[in-house]
Protein chains: 2
Amino acid sequence: MRHAEFDRERVLRAAMCTFMVNGFSKTSMQDLTKATGLHPGSIYCAFDNKKGLFIAAIEQYQQDRTDQFKQLFANDRSAVDNLSDYLAQILQECLSCDATKACLLTKSLSEMGEQDEQIKQITCQFLQSWHQSLAQVFDTAKAQQLIPQESDSQFLAQYLVMGIYGLRTVANTQPNVEVLQPLADKLLADLIRQ
Amino acid sequence: MRHAEFDRERVLRAAMCTFMVNGFSKTSMQDLTKATGLHPGSIYCAFDNKKGLFIAAIEQYQQDRTDQFKQLFANDRSAVDNLSDYLAQILQECLSCDATKACLLTKSLSEMGEQDEQIKQITCQFLQSWHQSLAQVFDTAKAQQLIPQESDSQFLAQYLVMGIYGLRTVANTQPNVEVLQPLADKLLADLIRQ
DNA sequence: ATTATTCTTGAATGCATATTCAATTAAGGA
DNA sequence: TCCTTAATTGAATATGCATTCAAGAATAAT
């Protein structure tokens, strides 16, 4: 017996970044061998093919985002304050020059959703699960009496999802705090307005 | 002398649709010859190469959208009613099964903005000009005393742009009126709220 | 009708790139 | 220490695709 030598998470995060910057089609196997340090044969042995590595990278992305989300909301503070911090964090990502600027899920869905049913299902499922996590935050806000009892958590979460998608897209053309901050502020205000 | 036989606008709209569905990378010259009815040589003669046809298609897209926009807002009705109709129209596109589901500008910017400076510039410029047109609508709304005099038209337009980007992305995962209509309604309400 | 000019045709070309594979290397059990 | 098993290596392969080009066809001017 002999174990794989490479660190799977490190390899997946390297691939993840490459896919986030270039998209699936414009990322070549050569790009991936350079980014991961793995030779073609090793990639094919461990992930079947380029798409297999892509899917594994998407799953790692979702895992990382879920962990990050849980960490941020695992406290007893006001749900609205947590949401405010969460938006600030997303805004930082939008402004950064690295790969996190884009969301791998929406980018992949937009690029391949029309042709690849499997990618469409995986990304939609992960985005849906994110939506549910946000709905729970609005449930908490309701329990904390920060928003009206008759609020629809599912709807508010969907509206926030829409706003974050929009923010990330605006950031593609206008990557300035001056533009993005007021948008994020109004978005949050419109969500918690009585 | 001999004139080109094909109808340029028809060819560009066919190419436009193909690019909207598949993106640039996943659209092959074979797809384009099939969609346009033109042979490779004719395409290269008229548009230099695949990217040349792509840029021409983007320009046609912008032209068509601008015409459509002008037509919808060229009347003396309330600017808010016009905006409402405009959103309803976008919602219809989101729900349709054809290519108009996606916005060619944002899709292209997301796919190629990172690698291709020229595509980035063109798409950003067109999106910016759309933003300005929307700002004018809010100026009209101000003149009609439908929104407060101290409103920032530029900001409101930017917020609407963000919302529409978001709506189109939500439509990728949830292409239902039941989901999209309330989002669009709240978006408009949040824009004209006193 | 003739000719010059330009467009059209579609097979041929060359290149980029995903994938394979046989040889090599290393690990762990007997 | 030896042997079995599995991972690694990177050159070779095969394929798909953008692009070219030379021959043919159509147009308009003379």
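As a basis for the values below, the full set of heavy atoms in this structure was taken, side chains included, without hydrogen atoms, waters or symmetry mates. As the structure is a prediction and not an experimental result, all values here were calculated from the model.
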**Item:** B/Tyr86 vs B/Phe69 side-chain heavy atoms within contact, under 4.5 Å
**Value:** yes
**Asked** Could A/Lys107 and B/Glu111 be called an ion pair, given the rule that one side-chain N must be under 4.0 Å from one carboxylate O?
**Response** no
**Prompt:** Can a side chain N or O of A/His39 be found less than 4.0 Å away from OP1 or OP2 on D/dT8?
**Reply:** no
Anything under 3.5 Å between a protein N or O and an N or O of nucleotides 17-20 of chain D, put it in a table, one pair a line.
from, atom 1, to, atom 2, distance (Å)
D/dA18, OP1, B/Thr27, O, 3.4
D/dA18, OP1, B/Lys50, NZ, 3.1
D/dA18, OP2, B/Met29, N, 2.5
D/dT19, OP2, B/Tyr44, OH, 2.5
D/dT19, OP2, B/Lys50, N, 3.1
D/dT19, O5', B/Tyr44, OH, 3.0

Donor-acceptor pairs are to be reported for all side-chain atoms of residues 134-141 of chain A against protein atoms at under 3.5 Å, with residues two or more places apart or in another chain.
from, atom 1, to, atom 2, distance (Å)
A/Asp139, OD1, A/Ser153, OG, 2.7
A/Thr140, OG1, A/Gln136, O, 3.0

**Message:** Tell me if the CG atom of A/Asp98 is crowded by more than 12 foreign heavy atoms within 6.0 Å.
**Reply:** yes
Name the pairs: protein N/O against N/O of nucleotides 14-16 of chain D, kept only if under 3.5 Å.
none

**Message:** Using a 4.0 Å cut-off on heavy atoms, which residues in residues 9-20 of chain A reach DNA chain D? List them by number, or say none.
**Reply:** none
**Item:** Crowding at NZ, A/Lys34 (>12 non-hydrogen neighbours, <6.0 Å)
**Value:** no
Side-chain atoms of residues 170-177 of chain B: list all donor-acceptor pairs with protein atoms under 3.5 Å, sequence neighbours left out, distances to 0.1 Å.
from, atom 1, to, atom 2, distance (Å)
B/Thr173, OG1, B/Val170, O, 3.1
B/Gln174, NE2, A/Gln128, OE1, 3.4
B/Gln174, NE2, A/Gln158, OE1, 3.2

**Request:** Mind checking side-chain hydrogen bond (donor to acceptor under 3.5 Å, both in side chains) for A/Asp48 and listing every partner two or more places apart, or none if nothing turns up?
**Result:** none
**Message:** Any donor-acceptor pair under 3.5 Å linking the side-chain atoms of B/Tyr159 with those of A/Asp190?
**Reply:** yes
**Complete:** Here the distance between atom C1' of C/dC7 and atom CZ of B/Arg8, to the nearest Å, is 15 Å
**Item:** Charged N-O contact under 4.0 Å between A/Lys26 and A/Asp31
**Value:** no
**Request:** Would you please say whether a donor-acceptor pair under 3.5 Å links the side chains of A/Gln115 and A/Lys120?
**Result:** no
**Message:** Between C1' on D/dG10 and CG on A/Leu32, what's the gap in Å once rounded to a whole number?
**Reply:** 17 Å
**Asked** Nearest-Å distance, NZ (A/Lys34) to P (D/dG10)?
**Response** 16 Å
